[in-house]
Amino acid sequence: MNASEIFRGTPFGLGGVPFGNEFAYVTDEVAYATIEAAWDAGVRYYDTSPWYGLGLAERRLGTFLHKQTRSEYVLSSKVGKLLTASRDNNAKEYFPFTPSPNNLRYDYTADGVKRSIEDSLQRLGVDALDVVFVHDLSPDNPWLPSPWEEQFEIARNGAFPALSRMRDEGVIKGWGLGVNSPEPILKLMDVADANVCLLARQYSLIDHANALHQVFPKARERGMAFVVGSSLNAGFISGSARFNYGTENYKITADVIEKRARLGAIAAQHGVDLRTAALQFSIAPDVAIALVVGCSNPQQVLADYTSLKTSIPHAFWSDLRSEALIEKDAAVPPEN
(Lines give C-alpha, C1' and ligand atoms only; values in the text may rest on other atoms or scores of the structure.)
Protein backbone atom coordinates (compact mmCIF):
# COMPACT_ATOMS: atom_id res chain seq x y z
CA MET A 1 0.00 0.00 0.00
CA ASN A 2 1.48 3.34 -1.00
CA ALA A 3 1.34 6.47 1.14
CA SER A 4 -1.48 8.13 -0.78
CA GLU A 5 -3.66 5.07 -0.16
CA ILE A 6 -2.79 5.08 3.54
CA PHE A 7 -3.65 8.72 4.15
CA ARG A 8 -6.66 8.77 1.84
CA GLY A 9 -6.67 12.49 1.17
CA THR A 10 -6.19 13.54 4.83
CA PRO A 11 -3.37 16.09 4.48
CA PHE A 12 -3.91 17.76 7.88
CA GLY A 13 -2.92 15.80 10.96
CA LEU A 14 -3.23 16.70 14.64
CA GLY A 15 0.08 16.18 16.42
CA GLY A 16 0.29 14.85 19.96
CA VAL A 17 3.21 16.89 21.34
CA PRO A 18 1.07 19.45 23.24
CA PHE A 19 -1.06 16.67 24.76
CA GLY A 20 2.10 15.37 26.42
CA ASN A 21 2.58 18.75 28.13
CA GLU A 22 5.93 19.25 26.42
CA PHE A 23 5.93 23.04 26.45
CA ALA A 24 3.28 23.89 29.03
CA TYR A 25 0.70 22.37 31.33
CA VAL A 26 -2.42 21.47 29.35
CA THR A 27 -5.37 20.26 31.40
CA ASP A 28 -7.32 17.15 30.50
CA GLU A 29 -10.36 19.32 29.77
CA VAL A 30 -8.49 21.51 27.27
CA ALA A 31 -6.78 18.52 25.66
CA TYR A 32 -10.08 16.69 25.15
CA ALA A 33 -11.77 19.84 23.85
CA THR A 34 -8.93 20.33 21.36
CA ILE A 35 -9.14 16.78 20.05
CA GLU A 36 -12.91 17.00 19.75
CA ALA A 37 -12.67 20.34 17.93
CA ALA A 38 -10.27 18.76 15.44
CA TRP A 39 -12.63 15.87 14.82
CA ASP A 40 -15.64 18.16 14.41
CA ALA A 41 -13.68 20.28 11.92
CA GLY A 42 -13.01 17.19 9.81
CA VAL A 43 -9.49 16.21 10.89
CA ARG A 44 -9.01 12.48 10.33
CA TYR A 45 -5.29 11.99 10.86
CA TYR A 46 -3.76 11.81 14.35
CA ASP A 47 -0.09 11.35 15.24
CA THR A 48 1.26 10.55 18.67
CA SER A 49 4.12 8.78 20.46
CA PRO A 50 4.95 7.07 23.77
CA TRP A 51 7.57 9.83 24.12
CA TYR A 52 5.07 12.69 24.35
CA GLY A 53 4.63 13.13 28.07
CA LEU A 54 5.82 9.51 28.51
CA GLY A 55 2.42 8.02 27.74
CA LEU A 56 0.23 11.02 28.53
CA ALA A 57 -0.48 12.03 24.92
CA GLU A 58 -1.42 8.51 23.86
CA ARG A 59 -3.82 8.13 26.78
CA ARG A 60 -5.49 11.45 26.03
CA LEU A 61 -5.88 10.78 22.31
CA GLY A 62 -7.11 7.29 23.03
CA THR A 63 -9.79 8.54 25.39
CA PHE A 64 -11.43 10.19 22.39
CA LEU A 65 -10.39 8.01 19.45
CA HIS A 66 -11.34 4.65 20.92
CA LYS A 67 -14.99 5.77 20.80
CA GLN A 68 -14.81 6.51 17.06
CA THR A 69 -15.12 4.02 14.22
CA ARG A 70 -11.56 2.86 13.63
CA SER A 71 -11.80 2.85 9.83
CA GLU A 72 -12.74 6.54 9.76
CA TYR A 73 -9.34 7.93 10.75
CA VAL A 74 -5.60 7.40 10.21
CA LEU A 75 -3.43 6.88 13.29
CA SER A 76 0.35 6.88 13.63
CA SER A 77 2.55 6.37 16.65
CA LYS A 78 6.21 5.60 17.26
CA VAL A 79 8.56 2.92 18.50
CA GLY A 80 12.03 2.79 19.99
CA LYS A 81 11.18 3.88 23.54
CA LEU A 82 9.61 1.60 26.12
CA LEU A 83 7.83 2.84 29.24
CA THR A 84 7.74 1.16 32.63
CA ALA A 85 5.70 2.46 35.57
CA SER A 86 7.72 3.12 38.71
CA ARG A 87 7.24 4.95 41.98
CA ASP A 88 10.74 6.35 41.49
CA ASN A 89 10.21 7.39 37.89
CA ASN A 90 12.24 10.04 36.09
CA ALA A 91 9.49 11.35 33.79
CA LYS A 92 9.87 14.95 34.91
CA GLU A 93 13.51 14.96 33.80
CA TYR A 94 12.18 14.91 30.25
CA PHE A 95 8.81 16.64 30.65
CA PRO A 96 8.49 18.81 33.79
CA PHE A 97 4.73 19.23 33.29
CA THR A 98 3.75 15.59 32.83
CA PRO A 99 2.09 13.54 35.59
CA SER A 100 3.41 10.36 33.98
CA PRO A 101 4.47 7.56 36.37
CA ASN A 102 6.85 6.06 33.82
CA ASN A 103 10.54 5.49 33.31
CA LEU A 104 11.99 5.44 29.79
CA ARG A 105 14.19 2.83 28.11
CA TYR A 106 15.40 2.82 24.51
CA ASP A 107 14.92 -0.38 22.53
CA TYR A 108 15.23 -0.60 18.74
CA THR A 109 15.20 -4.41 18.62
CA ALA A 110 12.47 -6.48 16.97
CA ASP A 111 11.09 -7.55 20.35
CA GLY A 112 11.20 -3.96 21.57
CA VAL A 113 9.20 -2.79 18.56
CA LYS A 114 6.54 -5.45 19.09
CA ARG A 115 6.18 -4.61 22.76
CA SER A 116 6.10 -0.88 22.04
CA ILE A 117 3.23 -1.30 19.58
CA GLU A 118 1.31 -3.50 22.00
CA ASP A 119 1.81 -0.97 24.80
CA SER A 120 0.69 1.90 22.56
CA LEU A 121 -2.46 0.05 21.54
CA GLN A 122 -3.32 -0.49 25.21
CA ARG A 123 -2.78 3.18 26.08
CA LEU A 124 -4.78 4.27 23.04
CA GLY A 125 -7.53 1.71 23.50
CA VAL A 126 -7.57 0.77 19.80
CA ASP A 127 -6.76 -2.43 17.95
CA ALA A 128 -4.36 -1.21 15.25
CA LEU A 129 -1.95 1.48 14.14
CA ASP A 130 -1.85 2.54 10.50
CA VAL A 131 1.70 3.89 10.44
CA VAL A 132 4.66 3.33 12.76
CA PHE A 133 7.65 5.66 12.91
CA VAL A 134 10.96 4.59 14.46
CA HIS A 135 11.48 7.58 16.71
CA ASP A 136 14.44 9.89 17.36
CA LEU A 137 17.10 7.58 15.91
CA SER A 138 19.03 10.69 15.05
CA PRO A 139 22.31 12.52 15.78
CA ASP A 140 20.45 15.36 17.51
CA ASN A 141 19.06 13.06 20.23
CA PRO A 142 21.17 13.58 23.40
CA TRP A 143 19.53 10.73 25.33
CA LEU A 144 20.45 7.79 23.12
CA PRO A 145 22.36 5.15 25.13
CA SER A 146 25.14 5.01 22.52
CA PRO A 147 26.04 6.90 19.30
CA TRP A 148 23.17 7.05 16.85
CA GLU A 149 25.03 4.99 14.26
CA GLU A 150 25.25 2.09 16.73
CA GLN A 151 21.57 2.37 17.57
CA PHE A 152 20.78 2.54 13.84
CA GLU A 153 22.52 -0.80 13.32
CA ILE A 154 20.44 -2.33 16.11
CA ALA A 155 17.31 -1.04 14.35
CA ARG A 156 18.58 -2.18 10.95
CA ASN A 157 18.81 -5.75 12.22
CA GLY A 158 15.78 -5.58 14.53
CA ALA A 159 13.16 -2.88 14.17
CA PHE A 160 13.34 -2.41 10.40
CA PRO A 161 12.77 -6.02 9.28
CA ALA A 162 10.16 -6.52 12.00
CA LEU A 163 8.16 -3.54 10.76
CA SER A 164 8.47 -4.67 7.15
CA ARG A 165 7.05 -8.06 8.14
CA MET A 166 4.18 -6.40 9.99
CA ARG A 167 3.40 -4.31 6.93
CA ASP A 168 3.59 -7.33 4.62
CA GLU A 169 1.25 -9.25 6.95
CA GLY A 170 -1.22 -6.34 7.07
CA VAL A 171 -0.69 -5.60 10.77
CA ILE A 172 0.34 -2.04 9.84
CA LYS A 173 0.10 -0.16 6.55
CA GLY A 174 3.37 1.76 6.52
CA TRP A 175 6.52 2.56 8.45
CA GLY A 176 9.62 4.71 8.41
CA LEU A 177 11.66 7.00 10.62
CA GLY A 178 10.42 9.96 12.63
CA VAL A 179 13.48 12.18 13.05
CA ASN A 180 14.66 15.79 13.17
CA SER A 181 17.72 15.44 10.93
CA PRO A 182 18.30 14.15 7.39
CA GLU A 183 21.18 11.70 7.86
CA PRO A 184 19.12 8.79 9.23
CA ILE A 185 16.47 9.10 6.50
CA LEU A 186 19.09 9.13 3.75
CA LYS A 187 20.71 6.06 5.31
CA LEU A 188 17.36 4.30 5.77
CA MET A 189 16.56 4.58 2.07
CA ASP A 190 19.73 2.61 1.31
CA VAL A 191 19.14 -0.28 3.71
CA ALA A 192 15.38 -0.86 4.13
CA ASP A 193 12.08 -0.73 2.27
CA ALA A 194 10.27 1.84 4.39
CA ASN A 195 7.56 3.78 2.58
CA VAL A 196 6.74 6.88 4.68
CA CYS A 197 8.86 8.96 7.07
CA LEU A 198 8.04 11.77 9.46
CA LEU A 199 10.25 14.66 8.40
CA ALA A 200 10.29 16.82 11.53
CA ARG A 201 11.58 20.43 11.57
CA GLN A 202 13.41 19.91 8.26
CA TYR A 203 11.04 21.56 5.81
CA SER A 204 9.81 24.97 6.88
CA LEU A 205 9.97 28.53 5.62
CA ILE A 206 12.94 29.05 7.94
CA ASP A 207 14.96 25.99 6.92
CA HIS A 208 14.28 23.79 3.89
CA ALA A 209 17.26 23.84 1.51
CA ASN A 210 18.83 20.56 2.63
CA ALA A 211 15.58 18.60 2.52
CA LEU A 212 14.76 20.08 -0.87
CA HIS A 213 18.11 19.33 -2.50
CA GLN A 214 19.35 16.22 -0.66
CA VAL A 215 16.44 14.28 0.81
CA PHE A 216 13.61 14.84 -1.67
CA PRO A 217 15.46 13.79 -4.87
CA LYS A 218 16.50 10.48 -3.31
CA ALA A 219 12.98 9.99 -1.92
CA ARG A 220 11.52 10.32 -5.41
CA GLU A 221 13.92 7.66 -6.69
CA ARG A 222 13.01 5.27 -3.86
CA GLY A 223 9.26 5.94 -3.74
CA MET A 224 9.42 7.48 -0.26
CA ALA A 225 6.72 9.90 0.92
CA PHE A 226 6.78 12.22 3.92
CA VAL A 227 4.61 13.43 6.71
CA VAL A 228 5.99 16.91 7.43
CA GLY A 229 6.16 17.90 11.08
CA SER A 230 7.03 21.15 12.86
CA SER A 231 6.38 23.35 9.85
CA LEU A 232 6.14 26.23 12.34
CA ASN A 233 9.43 25.24 14.01
CA ALA A 234 7.63 24.45 17.27
CA GLY A 235 5.60 27.64 17.02
CA PHE A 236 8.48 30.00 16.26
CA ILE A 237 7.10 31.15 12.91
CA SER A 238 3.78 32.01 14.52
CA GLY A 239 5.46 34.08 17.23
CA SER A 240 6.58 31.80 20.08
CA ALA A 241 9.80 32.46 21.99
CA ARG A 242 11.24 29.03 21.17
CA PHE A 243 12.77 27.50 18.07
CA ASN A 244 12.35 23.77 17.50
CA TYR A 245 12.87 21.38 20.41
CA GLY A 246 15.33 20.64 23.20
CA THR A 247 16.17 22.06 26.60
CA GLU A 248 17.83 25.12 25.07
CA ASN A 249 15.33 25.92 22.34
CA TYR A 250 14.99 29.39 23.83
CA LYS A 251 18.47 30.21 22.50
CA ILE A 252 17.58 31.51 19.06
CA THR A 253 20.28 32.76 16.73
CA ALA A 254 20.09 36.26 15.30
CA ASP A 255 19.89 35.08 11.69
CA VAL A 256 16.81 32.99 12.41
CA ILE A 257 15.10 35.89 14.17
CA GLU A 258 15.99 38.18 11.29
CA LYS A 259 14.60 35.76 8.72
CA ARG A 260 11.29 35.53 10.56
CA ALA A 261 11.10 39.32 10.60
CA ARG A 262 11.78 39.55 6.87
CA LEU A 263 9.20 36.87 6.13
CA GLY A 264 6.69 38.68 8.31
CA ALA A 265 7.31 42.01 6.60
CA ILE A 266 6.60 40.60 3.14
CA ALA A 267 3.57 38.74 4.46
CA ALA A 268 2.22 42.00 5.86
CA GLN A 269 2.71 43.72 2.50
CA HIS A 270 0.49 41.11 0.85
CA GLY A 271 -2.05 40.78 3.65
CA VAL A 272 -0.93 37.20 4.28
CA ASP A 273 -0.90 35.45 7.64
CA LEU A 274 2.64 34.08 8.07
CA ARG A 275 1.43 30.99 9.91
CA THR A 276 -0.90 30.20 7.02
CA ALA A 277 1.93 30.63 4.52
CA ALA A 278 4.22 28.38 6.54
CA LEU A 279 1.70 25.56 6.74
CA GLN A 280 0.90 25.71 3.04
CA PHE A 281 4.57 25.87 2.09
CA SER A 282 5.39 22.70 4.02
CA ILE A 283 2.67 20.62 2.38
CA ALA A 284 3.39 21.87 -1.17
CA PRO A 285 6.16 19.43 -2.25
CA ASP A 286 5.07 16.44 -4.32
CA VAL A 287 6.64 14.04 -1.80
CA ALA A 288 4.70 15.55 1.13
CA ILE A 289 1.63 13.39 1.78
CA ALA A 290 0.47 14.97 5.05
CA LEU A 291 1.20 17.69 7.56
CA VAL A 292 1.25 17.22 11.33
CA VAL A 293 0.58 20.30 13.45
CA GLY A 294 0.63 20.51 17.23
CA CYS A 295 -2.28 22.46 18.71
CA SER A 296 -2.75 23.08 22.43
CA ASN A 297 -6.29 24.48 22.31
CA PRO A 298 -9.38 24.39 20.07
CA GLN A 299 -8.72 27.85 18.66
CA GLN A 300 -5.34 26.78 17.29
CA VAL A 301 -6.86 23.71 15.65
CA LEU A 302 -9.48 25.74 13.84
CA ALA A 303 -7.00 28.43 12.81
CA ASP A 304 -4.47 25.95 11.43
CA TYR A 305 -7.08 23.80 9.70
CA THR A 306 -8.57 26.91 8.08
CA SER A 307 -5.09 28.01 6.97
CA LEU A 308 -4.80 25.11 4.55
CA LYS A 309 -7.95 26.29 2.77
CA THR A 310 -6.98 29.97 2.53
CA SER A 311 -5.85 31.46 -0.79
CA ILE A 312 -2.45 33.16 -0.89
CA PRO A 313 -1.55 35.46 -3.81
CA HIS A 314 1.22 34.11 -6.02
CA ALA A 315 2.97 37.49 -5.82
CA PHE A 316 3.76 36.73 -2.18
CA TRP A 317 5.74 33.62 -3.12
CA SER A 318 7.43 35.50 -5.98
CA ASP A 319 8.63 38.14 -3.55
CA LEU A 320 9.98 35.49 -1.18
CA ARG A 321 11.95 34.00 -4.07
CA SER A 322 13.28 37.34 -5.26
CA GLU A 323 14.44 38.14 -1.72
CA ALA A 324 16.10 34.70 -1.45
CA LEU A 325 13.88 33.80 1.51
CA ILE A 326 12.85 30.54 -0.12
CA GLU A 327 14.80 28.41 -2.57
CA LYS A 328 14.10 29.20 -6.20
CA ASP A 329 13.08 25.61 -6.92
CA ALA A 330 10.94 25.15 -3.82
CA ALA A 331 7.34 24.17 -4.55
CA VAL A 332 4.63 26.66 -3.60
CA PRO A 333 0.89 26.10 -3.38
CA PRO A 334 -1.38 27.11 -6.27
CA GLU A 335 -3.06 30.49 -5.83
CA ASN A 336 -6.53 28.96 -5.80
Please output the side-chain donor-acceptor pairs of residues 2-14 that fall under 3.5 Å, not counting sequence neighbours, one pair per line with the distance.
| residue | atom | partner | partner atom | Å |
| --- | --- | --- | --- | --- |
| Asn2 | OD1 | Ser4 | N | 3.2 |
| Asn2 | OD1 | Ser4 | OG | 2.7 |
| Asn2 | OD1 | Glu5 | N | 2.9 |
| Glu5 | OE1 | Asn2 | N | 3.0 |
| Arg8 | NH2 | Ser71 | O | 3.3 |
| Thr10 | OG1 | Phe7 | O | 2.4 |

Query raised in the report: So, does Ser318 use its side chain to make a donor-acceptor pair with the main chain of His314 at under 3.5 Å?
Result: yes

Query raised in the report: Are Leu56 and Phe64 connected, step by step, through hydrophobic side chains (Ile, Leu, Val, Met, Phe, Trp, Tyr) whose heavy atoms are closer than 4.5 Å?
Result: no

Query raised in the report: Is a side-chain donor or acceptor of Thr69 paired with a backbone partner of Glu72 at a separation under 3.5 angstrom?
Result: no

Query raised in the report: Quick one: are the ring centres of Phe160 and Tyr108 less than 6.0 Å apart?
Result: no

Query raised in the report: Is a donor on one side and an acceptor on the other found under 3.5 Å between the side chain of Arg123 and the backbone of Arg59?
Result: no

Query raised in the report: Relative to Phe95, does Lys92 satisfy both conditions: NZ or CZ under 6.0 angstrom from the six-membered ring centre, and within 45 degrees of the ring's axis?
Result: no

Query raised in the report: Are Asp47 and Lys78 close enough for a salt bridge, meaning some N to O gap below 4.0 Å?
Result: yes

Query raised in the report: Is the shortest distance from a Lys or Arg side-chain nitrogen in Asp193 or Arg222 to a carboxylate oxygen in the other one below 4.0 Å?
Result: no

Query raised in the report: Does Arg201 make a cation-pi contact with Tyr245, if we ask for NZ or CZ under 6.0 Å from the ring centre and within 45° of the axis?
Result: no

Query - Lys/Arg N to Asp/Glu carboxylate O, Lys259 vs Asp207, below 4.0 Å - result: no

Listed pairs under 3.5 Å, donor-acceptor, residues 149-157 side chains, sequence neighbours left out:
| residue | atom | partner | partner atom | Å |
| --- | --- | --- | --- | --- |
| Glu150 | OE1 | Ser146 | OG | 3.3 |
| Gln151 | NE2 | Ser146 | OG | 2.7 |
| Asn157 | ND2 | Glu153 | O | 3.0 |

Query raised in the report: Looking at Val228 and Ala288, what are the two nearest heavy atoms and their distance?
Result: CG2-CB, 3.9 Å

**Report entry** salt_bridge(Asp130, Arg70) N-O dist < 4.0 Å
**Finding:** yes

**Report entry** Partners meeting side-chain hydrogen bond (donor to acceptor under 3.5 Å, both in side chains) with Arg165 (sequence neighbours left out)
**Finding:** none

Requested in this report: Using the ring of Trp143 (Phe, Tyr or Trp, six-membered ring only), decide whether Lys81 places NZ or CZ under 6.0 Å from its centre and within 45 degrees of its axis.
Outcome: no

Report summary line: Partner of Phe226 under side-chain contact (heavy atoms from CB on, under 4.5 Å), picked from Ile289, Leu198, Ile185, Val196, is Ile185

Query - Salt bridge Asp107-Arg105, side-chain N to carboxylate O under 4.0 Å - result: yes

